[in-house]
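We count residues from 1, following the sequence as given. Here the structure is a predicted model, which means the values were calculated and not measured.
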Amino acid sequence: MTKTVFWGVLAAAGVAAGMVSANTLDDVKARGELICGTNTGLVGFAAPDANGRYEGFDVAWCRAVAAAIFGDPEKIEFKPLTTTNRFTALAAGEVDLVVRNTTWTFTRDVDLKLDFVGVNYYDGQGFMVPKELGVTSARELDGATVCIQKGTTTELNLSDFFRANNISYEPVPIETNAEAQQQYLAGACDVYTTDASGLAATRASFEAPGDHIILPEIVSKEPLGPLVRHGDSDWADLVRWVHNALLAAEELGVTSANIEELSASTENPEIARLLGTEGNLGEMLGLSADWAKNAIKAEGNYGEIFEKYIGEGTPIGLARGLNAQWTEGGLQYAPPFR
């Protein structure tokens, strides 16, 4: 999700970050579980199931990190965060990382003192409207009321788009996706705008998703990914290379179905290094040799996670698009494991 940052929040986050331990991995091991900040509820990405267990595309990254550290993806606590408290919670040490459809921007990286460790979903801001409005383009939304989450870069993107097209709008500020959904369906706003993946996830939860359309315009770049605090490069490396392991596994053909077989015997040296049967990559991270194997086993490789939670075979129905592997014309690319 995208975010506009207020100076007071910037200052508070910077001060808080200075008071947090600089050895996150030791703290996590001593605690016996990972604390992962995630969404308050976005179907397909992060939401509790009927039993209260969090599931989703972003949640899978949290479980992969927990599995890499403990060999157990269940040694984890999920902390639901809104768009307005996610950065301060991370800076204050309330969570160890945030995987919450959050856009990598200059200000968040530099001024908020946060490290984005990769992009797990390349996205862009879009618009959803009721089909009965008869609108086919966002340029036809002059005078519309627009539901938009407070404290997000979608606010600035929205203003820029309407200004560039010489049309006006009336914002309807909301706090969470659940509130946005409620207000939108109640007719409090004509339009809901957020990342296109979030729109697809929200529409999939409607009783009549076919009554709503996502307009064709994508008005921004929204590279979404996991983030950690500045000041602990070792922890950032760990989370970054768990992310890369999920990507590399798909590229190398390592799946949840064949990982044990490949771990026992493979002629590919990079797979051997990835799965810990050759080299000492785990030791370099302060983890066991099978750290990446455990991360991949948690919920599968990148492609498996994508298809399970948000792919074309799910109600959300997202195509891989930019999120295909680089070998398939997409942008997803893992550095070498060597």
**Prompt:** Below 4.0 angstrom, N of the basic side chain to O of the carboxylate: do Glu55 and Arg53 qualify?
**Reply:**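 Yes.
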
Measure the [atom1]-[atom2] distance between [X] and [Y] for me, rounded to the nearest 0.5 Å.
| X | Y | atom1 | atom2 | value |
| --- | --- | --- | --- | --- |
| Leu224 | Thr103 | CG | OG1 | 5.0 Å |
| Gln332 | Phe306 | CD | CZ | 9.0 Å |
| Asp109 | Leu227 | CG | CG | 9.5 Å |

Verify whether one side chain among [X] and [Y] offers a donor that lies under 3.5 Å from an acceptor in the other.
| X | Y | answer |
| --- | --- | --- |
| Thr38 | Asp58 | no |
| Asn157 | Gln125 | yes |
| Tyr54 | Asn39 | no |
| Ser205 | Gln181 | yes |
| Asn268 | Thr266 | no |

**Request:** Give me the ring orientation class for Phe45 and Tyr121: parallel if the planes are under 30° apart, tilted from 30 to 60°, perpendicular past 60°.
**Result:**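 Answer is perpendicular, since the angle exceeds 60°.
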
**Asked** Should the ring pair Phe127 and Phe162 be called parallel, tilted or perpendicular, given that the plane angle runs from 0 to 90° and is split at 30 and 60?
**Response** perpendicular

**Request:** State yes or no: are the ring centers of His212 and Tyr184 separated by less than 6.0 Å?
**Result:** yes

**Request:** List the steps and the verdict of side-chain contact (heavy atoms from CB on, under 4.5 Å) for Tyr333 and Leu247.
**Result:** CA-CA 7 Å; Tyr333 186 113; Leu247 290 173; over 6 Å; no

**Message:** Heavy-atom count check: over 12 atoms from other residues, nucleotides or ligands less than 6.0 Å from Glu283 CD?
**Reply:** no

Output side-chain donor-acceptor pairs under 3.5 Å for residues 235-242, partner residues at least two apart or in another chain, one line each.
| residue | atom | partner | partner atom | Å |
| --- | --- | --- | --- | --- |
| Trp235 | NE1 | Asp96 | O | 3.0 |
| Asp237 | OD1 | Arg240 | NH1 | 2.9 |

**Request:** Just jot down the side chain to side chain contact (heavy atoms under 4.5 Å, CB included) partners of Thr82, sequence neighbours excluded, or say none.
**Result:** Thr40, Thr84, Asn85, Glu175, Thr176

**Set of side-chain hydrogen bond (donor to acceptor under 3.5 Å, both in side chains) partners for Tyr309, sequence neighbours left out** = Glu299

